[in-house]
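Any value given below was found using the heavy atoms of this structure, including those in side chains, with hydrogens, waters and symmetry copies removed.
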There are 2 protein chains.
Amino acid sequence: MAKPKKKPRPKAETPKGFRDYFGAEVTRRSEMLDRIGQVYHRYGFDALDSSAVETVEALGKFLPDVDRPNEGVFAWQEDSGEDKPGDWLALRYDLTAPLARVYAQHRNDLPTPYRRYAMGPVWRNEKPGPGRFRQFYQCDADTVGAPSVAADAEICAMLADCLEEVGIARGDYVVRVNNRKVLNGVLEVMGLEDGPERDAVLRTIDKFDKVGEAGVRELLGKGRLDASGAYIDGVGLNPAQAEPVIAFLTSKGADAGSTLENLRAAVGGSDLGLEGVAELSEIADLLGAQGYGPDRIEIDPSVVRGLGYYTGPVYEAELTFEILDEKGRKRQFGSVAGGGRYDDLVKRFTGQAVPATGVSIGVDRLLAALSAKGHVGGEAPGPVVVTVMDRARMADYQAMVGELRRAGIRAEVYLGNPKNFGNQLKYADKRGSPVAIIEGGDEYASGMVQIKDLILGAQIAENATLEEWKERPSQFEVPRADLVAKVREILDLHS
Amino acid sequence: MAKPKKKPRPKAETPKGFRDYFGAEVTRRSEMLDRIGQVYHRYGFDALDSSAVETVEALGKFLPDVDRPNEGVFAWQEDSGEDKPGDWLALRYDLTAPLARVYAQHRNDLPTPYRRYAMGPVWRNEKPGPGRFRQFYQCDADTVGAPSVAADAEICAMLADCLEEVGIARGDYVVRVNNRKVLNGVLEVMGLEDGPERDAVLRTIDKFDKVGEAGVRELLGKGRLDASGAYIDGVGLNPAQAEPVIAFLTSKGADAGSTLENLRAAVGGSDLGLEGVAELSEIADLLGAQGYGPDRIEIDPSVVRGLGYYTGPVYEAELTFEILDEKGRKRQFGSVAGGGRYDDLVKRFTGQAVPATGVSIGVDRLLAALSAKGHVGGEAPGPVVVTVMDRARMADYQAMVGELRRAGIRAEVYLGNPKNFGNQLKYADKRGSPVAIIEGGDEYASGMVQIKDLILGAQIAENATLEEWKERPSQFEVPRADLVAKVREILDLHS
C-alpha cells in the first residue's frame, strides 16, 4: 500500500508587510495613546470605536469599477447566501472615512457639533517595503458640524498640547497652519481651472521644500536638471505667469501679521483667496489670545498636504529637532501629525454639506520620535522569578509569588522544566528580572530563602575591578517571613 | 443632450453584523481591559499585539479546500503581481491561533516558557443575529512551553483575581476546572474509539446541564421525548455500557477530595484517566495552598468545553448571580471566560509538541455582567460648555476653556451656530454637561460671568415641589477671576 502523502507543515510567518509587536512596544504605544486620549477628553471629545470593516461603497474612495476593488484596500465580497451578489466589504484605510459614515448614519442621535476621537489600526493594501507596514495605528480627533474656524484653531492648540503631554518639549515642535482657500485663490488669479496644467502647478508647489524658490521658478517655467543629471520638463509658464505662485510660497514673514499681508498681496483680487487669508488671520488671533505663540503654532504658506479632500485650513505638526538619517546625515525629524478642514465628506451620504475638521497623529512616527529623544518609558520591569529547586514544593513557591503580587510586585514561579538550574537563571536574564528567589531543601529546613539581586549581579559581572561587591553582595539569605520586605528594598534601590 | 445620470448616494451603514461603539462604551471597555492587563502583568505575562491579518494557512482550521475559503473567516486572495496565484489572507478569528504562529515564528527569541497576554478585536464570518456580532473583543493570557499543571493552576488563580479586580465580588463567581484526560479515560474504559458513536456520546455529555442525569441516561440508551414533544434518538448503549459516563458526570462530591475519589472510580483502570485525576488533584493542592478555596475555584466534572483542541485541564469562569432573561425569568448569568491546555497547536508549524495553556475572557459578556451588577463606571462626565453670546469674543471664550482645562476640568466652547441660544443649552444637555458658562455683553462690561449648574437645574425642573432651589439657585454670577474656582466647587458638590 502506498504511504499516505504527508501534508506539508504551514509556514509560521506573518503575511508580507505585517508584523507583531512585543512587550514594551505594545505598552509604550498604549501609554502614549492613553495620554493623548486624556488631552482629547479634556477638550470635550468623546471616544468612538467604529467597525474595522466597512462596505467598499461607504469607504467611497475605492468604489469598485473592476471585478475586485482591491486597489489600496483589503477587500472581499460577501457571500449573500442568495442569488444576488453580496456586498463588497473592506478594512478601513483611515479613521476619517469611517467617521463620515458614522456621522451620516447616527446624526439624529449625535450632538452637533460632534467631537470625537478614535484610535486603532488601519490597513493599506500597498506594496510592503522596509519600514512600511500594511497595518498601522492612527489616533484622530475631529469636530463635525462646526463651521467656525475656531474649531480648526482649537484642534491646532490641542495638537500642541498632545505633543507636550507625551514628552515633546516646547521648542522641539511646531504646528504649521495654512489654508487651501489661499492656494486656490492664487490658482484663480493665475486663471488655472481644474486640468492637467493646474495639477502640474500643484505638484510643483509640493516640491518647494526640496528644490527651493529657484527650483520652483525653473519647474514652473522651462524645466530643470535634477541632482541625478536628468532633465525634468517644466510646466511652461512664463515668469510673469509664475509670479503669484512664487509670491505665495515666499510669503512667510517675520511674524503672522507680515505673513498675512504678503498672502493678501499674493491672492490679489480673488475673493476666495481673501476669505482664506481672513480665516488664517482669525486663527492666528484666537491662538494668540490663548497664549499659543509662533514658537508653538505658526502660519506657514508652504504647508500644502496631499489629500484632495481638504477645503479650508490645513495643519501639520513637525518635530524640529535633528536626528541622523540612515546615511548618518543630520536631518529634521519632520512631520508626525496633520489634518485640516474637509467640508464635503459627509455630503457624499446625505446630500447636505456638513463642515468638519480634524487631525490624525501618526502613532508610529511619534513613538519613534520619543525613542529618538530618549523617552523610552513603558519599559515594564521583568518579573521577580521564584526558581524551582524541588518540584514537590511547587505550592510553597506559588505561595511566595502570591505574597509578592499582593504587595504589587510583578512575580512568577519558573514553569519550564526545572531540572537544569542554569536554564532558570538564563530565563530570568531573558525576562530582565531584577531579582531571583531560591529556596532549596537546606533553606526550607531552616526557614530561610536566598534572594539574588540580578541587577547588581550583572553590574559586578561587567566590572571585574568593582570592589564594592565585597561590601554589597548580590545574594542574601533572609528569613522566609522577610521575603517581601527584602525584595521591595532591592527594587526600591534600583528604581 | 441627455442629462448625465446621477450616481446614487452610498448608504451610511455598517456592514451587516458590525457595529460602532460610542463614548462610555469605549472607555468602560478600555478601563476594564486596563485592569485585567495589570493583573496579567503582575503575574509576569508580557503584552503581545499580533497582526490582525494572517495567512489562511497559518490560521489552519480553515485551510482552503474550495476556491474561496470563507467558511467562518473573512478571507481574500492577495494579488501577487506575478503569474502565480497570491496567498489567501484572513482576519484572525481568535487570539490563540495567532499565538501559536507567533511562538513558532519567534521561538528562538522568546523566553521559554513564554507568558503573553493579548487584547483586541477578532472577526467571525458568521450569520449575524440579534446581539451576535461579527467583530468582538477578546482578552487572553497563555503560557507556552510549560508542561507542568502548575501553569494551569496559576491561570485559574489569575482568572479569579481578574474577576475580583474588575468588580465581581467573591461569591458571585466560580472558576470550574476539569480535565479532558479524565473524560478520555472514561471513553477508553467504555471501549469507544474515535468515530460516530464516540461523537454521539460526547454530544450527549455536553447536554448534561440541560437534561440532567435521567435525560443523559435516556439519550445514551434508547432516546427521549424532548420538551417540544419530538422524539430524540438515543446512542443505543445498554444501561451497563452507559454507567461510566453517568458515574463521571455525577462524580462531584462535597469537596475536592471526594470528587477526585469518585473520578478515580469512574475512570476505572484507564492510565490516561488516572493521569488526568492526578493532575486535577495537583491543581487542587496548588490552589488550596495559595488560599483559593472551592468558593472561588472548584473541580467540576461537568465542564466539557466545546473546542476540539484541548488536551488536558479545561477551565471556565461562571458568574453565579441571577439576572432576568428576556422573558423575565431568573437565570444564572453564566460563563464569561474559559480555556484549557492545548499541547498540539504549535506542533502544526514546528513538528515538535509544545505544551501550552491559556484563558480567553469574553470582554462583552463581562462588561454586560458588570452593568448588570450596577458597576457602570467609566461614564465620562460631559464637558463644561462655554456658550457663545457674541461671536466676536470667541478668543475670550477660548481663554476660559483654556483655564478650565489647565485645571484638569473637561471643557469646550460651543462651536455650532451660536445664533439660537436654546440650541446651545440643548447641546449641553445632550452632552451631559454639568455646567454651562454664559458671558454676554453686560457681564463682560462688569467683569463677571454667569455659571449655570445644569445638574441642579435638572433636579429642580424634575421636582417642582423642591423648595431647596430658593436657597440654592442653579445660576450664579461670579467675577471672571473666580470662574475656575466656582466651577470646581460645583463639580465637587456633584461628585
Side-chain angles (χ1 to χ4, degrees), chain A residues 9-10 12-15 18 20-23 26-27 41-44 46-53 55 57-58 60 70 74 76 79 89 101-102 104-105 111-113 121 135 143 145-146 148 150-151 285-286 289-290 348-349 351 383 394-395 398-399 402 405 410 412 415-416 427 430-431, chain B residues 9-10 12-15 18 20-23 26-27 41-44 46-53 55 57-58 60 70 74 76 79 89 101-102 104-105 111-113 121 135 143 145-146 148 150-151 285-286 289-290 348-349 351 383 394-395 398-399 402 405 410 412 415-416 427 430-431:
Chain A
R9 286 203 289 261
E13 281 174 12
T14 43
F18 290 88
D20 306 310
Y21 296 82
F22 294 89
V26 181
T27 49
H41 181 260
R42 212 184 306 139
Y43 270 78
D46 274 346
L48 170 67
D49 185 16
S50 70
S51 162
V53 178
T55 63
E57 185 192 3
N70 60 357
F74 293 105
W76 62 89
D79 183 356
L89 305 185
R101 191 269 305 156
V102 166
Q105 180 172 351
T112 296
Q135 172 180 330
T143 302
S148 156
D285 288 349
L286 284 169
Q290 292 169 79
R348 287 184 56 235
F349 295 102
M394 188 56 96
Q398 292 284 9
R405 288 169 188 156
R410 192 179 192 206
E412 60 173 76
L415 287 180
Y427 172 81
K430 195 150 198 172
R431 293 299 306 277
Chain B
R9 286 202 289 262
E13 280 174 13
T14 43
F18 291 88
D20 306 310
Y21 296 82
F22 294 89
V26 181
T27 49
H41 181 259
R42 211 183 308 138
Y43 269 78
D46 274 346
L48 170 68
D49 185 16
S50 70
S51 162
V53 177
T55 63
E57 185 192 3
N70 61 357
F74 292 105
W76 63 90
D79 183 357
L89 305 184
R101 191 269 304 155
V102 167
Q105 180 172 350
T112 296
Q135 171 180 330
T143 302
S148 154
D285 287 350
L286 284 169
Q290 293 169 76
R348 288 184 55 235
F349 295 102
M394 188 56 96
Q398 292 283 9
R405 288 169 187 156
R410 191 179 193 207
E412 61 173 72
L415 287 181
Y427 171 82
K430 195 150 196 170
R431 294 298 307 277

| For Pro383(B), does its backbone N or O pair with a side-chain atom of Arg42(A) as donor and acceptor, under 3.5 Å? | no
| So, does Gln135(A) use its side chain to make a donor-acceptor pair with the main chain of Ser51(B) at under 3.5 Å? | no
[atom1]/[X] to [atom2]/[Y] distance, rounded to the nearest 0.5 angstrom?
| X | Y | atom1 | atom2 | answer |
| --- | --- | --- | --- | --- |
| Arg101(B) | Asp20(A) | CZ | CG | 4.0 Å |
| Glu13(A) | Thr55(B) | CD | OG1 | 8.0 Å |
| Phe22(A) | Asp49(B) | CZ | CG | 10.0 Å |

| said: Does the structure place the NZ or CZ of Arg405(A) under 6.0 Å from the centre of the six-membered ring of Tyr43(B), at an angle of no more than 45° from the ring's axis? | reply: yes
| request: Answer with side chain, backbone, both or neither: which region of Gln398(A) has an atom nearer than 4.5 Å to a non-hydrogen atom of chain B? | output: both
| note | Cut-off 4.5 Å, heavy atoms of chain B, and the answer for Tyr427(A) is side chain
| query | Between Trp76(B) and Trp76(A), how do the two ring planes meet: parallel, tilted or perpendicular, split at 30° and 60°? | reply | parallel
Out of [options], return the one with the most heavy atom pairs under 4.5 angstrom to chain B.
| options | answer |
| --- | --- |
| Gly402(A), Pro121(A), Gly416(A), Pro111(A) | Pro111(A) |
| Val53(A), Asp285(A), Val102(A) | Val53(A) |
| Gly145(A), Ala104(A), Ala150(A) | Ala150(A) |
| Ala399(A), Ser148(A), Gly351(A) | Gly351(A) |

| query | Looking at residues at least two apart in the chain, or sitting in another chain, which of them share a side-chain contact (heavy atoms from CB on, under 4.5 Å) with Pro10(B)? | reply | Glu57(A), Arg348(A), Phe349(A)
| With sequence neighbours excluded, residues passing side-chain contact (heavy atoms from CB on, under 4.5 Å) with Ala146(B) | Leu415(A), Pro113(B), Thr143(B), Ala151(B)
| task | Of all the heavy-atom pairs spanning Asp46(A) and Arg410(B), show the shortest one and how long it is. | result | OD1-NH2, 2.8 Å
| task | Sort Leu48(B) into side chain, backbone, both or neither according to what part of it lies under 4.5 angstrom from a heavy atom of chain A. | result | both
| Contacting region of Thr112(B) [heavy-atom separation from chain A under 4.5 Å] | backbone
